[in-house]
Protein chains: 2
Amino acid sequence: MNEMKSELEIFREFLKNKGMRYTPERETIIKEIFDTHDHFDVDSLYISMRQKDIRVSKASIYRLIPLLIEANLIEAVFFEGGQMYYEHIYGHEHHCHLRCINCGRIQEFADPRLRDIEQELADRFSYQIIRHKLEVTGLCPECRNRQD
Amino acid sequence: MNEMKSELEIFREFLKNKGMRYTPERETIIKEIFDTHDHFDVDSLYISMRQKDIRVSKASIYRLIPLLIEANLIEAVFFEGGQMYYEHIYGHEHHCHLRCINCGRIQEFADPRLRDIEQELADRFSYQIIRHKLEVTGLCPECRNRQD
DNA sequence: GTATCTGCAAACCCTTTGCAATAAG
DNA sequence: CTTATTGCAAAGGGTTTGCAGATAC
């Protein structure tokens, strides 16, 4: 029991509900995103697909991203150096990011207190909370020792 | 006692230490930023200055922002609709943002548990923490009732 | 006096979009 | 068959930059 649908199945249903089409291009992009265990930006995703001889246009990637976000399969995690970075979230526990401001290294972490904070904000300000994003920046052990 | 330096004094010293110059343009931009009690983006700051007949080029604003961030006078708070929003932080308690995804309304809040979380992350991962940014998104009371 | 700063306009770069050909359902 | 999607290339739009004149110090 507790069979979990794959991201492809989820997305296929999502598209069907919107009267949209499931195409090979969309499928290969999603596969590539979910095969990557890292955060990604459009350009590096595009390059990594080209290196594997998977031909899709950047426009198709750009057009797909808002759909994947709406379907709750990916999330924008941070904006850095003029571009947005995303990560796939389907099938993963929600987590936050501790990022080294010097080398870019990212440490993921989760903290149960954030749920409490969300709940209290909902009560206090009568908001319906959708999500939270906690980004902590600092210097990782290596960069700290190099005192950059 | 406990005389607090003004943002202008702080910045003047910051520039001096870097062998840079304190100009009337820089001064008027900082004044405008600190007179505004809201978050701002470059374009609206520029427009609001022009309306008061203060003439500075956008380029000067863009060139000033990284300096103000380095001097810890302002901070980038979120990226939305293709542009970055900032707020002045000097002289204010650190706080986080609860943002309505529908109308853009922002509720500020602070939570002491975030300091604890920072401290624990520092211990656990040996990072030297610089700052945190918690962004909570949801629907404000009004937008929630309109069920957008 | 000298090196920094300013304004302007052009360049940049990520992202979006119009269009004609293609393909999903 | 009909309507959505694709790739391409051009347009958009925020941000950066080269340059010549102005100006802090």
Side-chain angles (χ1 to χ4, degrees), chain A residues 8-9 11-33 39-50 53-71 74-86, chain B residues 8-9 11-33 39-50 52-71 74-86 104:
Chain A
L8 296 177
E9 289 169 312
F11 195 58
R12 184 165 229 150
E13 285 175 21
F14 172 85
L15 290 174
K16 184 179 256 176
N17 291 336
K18 303 195 71 157
M20 299 176 87
R21 291 165 188 179
Y22 189 79
T23 66
E25 289 82 2
R26 286 176 173 166
E27 183 175 302
T28 54
I29 298 167
I30 297 174
K31 280 182 177 166
E32 183 68 26
I33 290 173
H39 310 90
F40 67 94
D41 61 277
V42 170
D43 203 59
S44 52
L45 182 67
Y46 175 72
I47 290 170
S48 118
M49 291 183 79
R50 294 216 76 161
D53 254 313
I54 304 167
R55 300 276 169 153
V56 282
S57 67
K58 265 191 199 173
S60 294
I61 300 178
Y62 277 113
R63 283 188 274 232
L64 181 58
I65 281 179
L67 296 172
L68 294 175
I69 289 175
E70 199 187 333
I74 70 169
E75 201 169 82
V77 285
F78 52 83
F79 179 79
E80 181 81 7
Q83 66 203 98
M84 191 56 84
Y85 288 79
Y86 304 88
Chain B
L8 296 177
E9 289 170 311
F11 195 57
R12 184 165 231 146
E13 284 175 21
F14 172 85
L15 290 175
K16 183 178 256 175
N17 290 338
K18 302 195 72 157
M20 298 176 87
R21 290 164 189 181
Y22 188 78
T23 66
E25 289 82 2
R26 287 175 173 167
E27 183 175 301
T28 55
I29 298 168
I30 297 174
K31 281 182 177 167
E32 183 68 26
I33 290 173
H39 310 92
F40 67 94
D41 60 276
V42 171
D43 203 59
S44 51
L45 182 68
Y46 175 72
I47 290 171
S48 117
M49 291 183 79
R50 294 216 76 164
K52 299 178 186 170
D53 255 312
I54 304 167
R55 301 278 169 151
V56 282
S57 68
K58 264 190 201 175
S60 294
I61 300 178
Y62 276 113
R63 282 188 273 233
L64 181 58
I65 280 178
L67 295 173
L68 293 176
I69 290 174
E70 198 185 334
I74 70 170
E75 201 169 83
V77 285
F78 53 84
F79 179 79
E80 181 79 8
Q83 66 203 97
M84 192 55 87
Y85 287 79
Y86 305 89

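Below, chains carry the letters A, B, ... as their sequence lines are ordered, and counting in each starts from 1. All figures in this text were calculated on a predicted structure; none of them were measured in a lab.
- Between the C1' atom of D:dT15 and the CE atom of B:Met84 lies a distance of 11 Å, rounded to the nearest Å.
- Taking A:Lys16 as the reference, nothing meets the salt bridge (Lys or Arg N to Asp or Glu O under 4.0 Å) condition, with sequence neighbours excluded.
- Here the CD atom belonging to A:Glu27 is positioned 11.0 Å from the CZ atom belonging to A:Phe11, to the nearest 0.5 angstrom.
- Residues meeting the salt bridge (Lys or Arg N to Asp or Glu O under 4.0 Å) test with A:Glu32, sequence neighbours left out: A:Lys52.
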Do A:Arg26 and A:Val56 pass the side-chain contact (heavy atoms from CB on, under 4.5 Å) test, and can you show the C-alpha distance, the side-chain angles, and the key distance before you say yes or no? CA-CA 9 Å; A:Arg26 286 176 173 166; A:Val56 282; over 6 Å; no
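- D:dG13 atom C1' lies 16 Å from atom CD of A:Gln83, rounded to whole Å.
- To the nearest 0.5 Å, the span separating CD1 on B:Ile61 from CG on B:Leu68 amounts to 10.5 Å.
- Residues satisfying the side-chain hydrogen bond (donor to acceptor under 3.5 Å, both in side chains) criterion with B:Arg50, sequence neighbours excluded, are B:Tyr46.
- DNA chain D lies under 4.0 Å from at least one heavy atom of each of the following residues of residues 53-65 of chain A: A:Arg55, A:Val56, A:Ser57, A:Ala59, A:Ser60, A:Arg63.
- A:Asp41 meets the salt bridge (Lys or Arg N to Asp or Glu O under 4.0 Å) test with no other residue; sequence neighbours excluded.
- Atoms CG and OG1, on B:Leu64 and B:Thr28 in that order, are 9.0 Å from each other to the nearest 0.5 Å.
- In summary, contact between chain B and DNA chain C, defined as any nucleotide atom under 4.0 Å from a heavy atom of the protein, begins and ends at C:dA3 to C:dC8 in the 5' to 3' direction.
- Residues forming a ring pair (Phe, Tyr, Trp, His ring centres under 6.0 Å) with A:Tyr85 (at least two apart in sequence, or on another chain): A:Phe78.
- Contacts of B:Phe40 classified as ring pair (Phe, Tyr, Trp, His ring centres under 6.0 Å), with partners at least two apart in sequence or in another chain: B:Tyr86.
- One axis for each end of the helix from C:dG1-D:dC25 to C:dG25-D:dC1, each built from five base pairs, and the angle between them comes to 40° at 10° resolution.
- At least one side-chain heavy atom of A:Met49 sits less than 4.5 Å from a side-chain heavy atom of A:Ile29.
- For the ring pair (Phe, Tyr, Trp, His ring centres under 6.0 Å) test, residues two or more places apart in sequence or in another chain that qualify with A:Phe79 are B:Phe79.
- Applying the ring pair (Phe, Tyr, Trp, His ring centres under 6.0 Å) criterion to B:Tyr22, with sequence neighbours excluded, gives no partner residue.
- For residues 12-28 of chain A, proximity to DNA chain C is found at A:Arg21, A:Tyr22, A:Pro24, defined as any non-hydrogen atom under 4.0 angstrom from a strand atom.
- Residue order along DNA chain D, read from the 5' end via each residue's closest nucleotide, puts A:Leu67 first among A:Tyr46 and A:Leu67.
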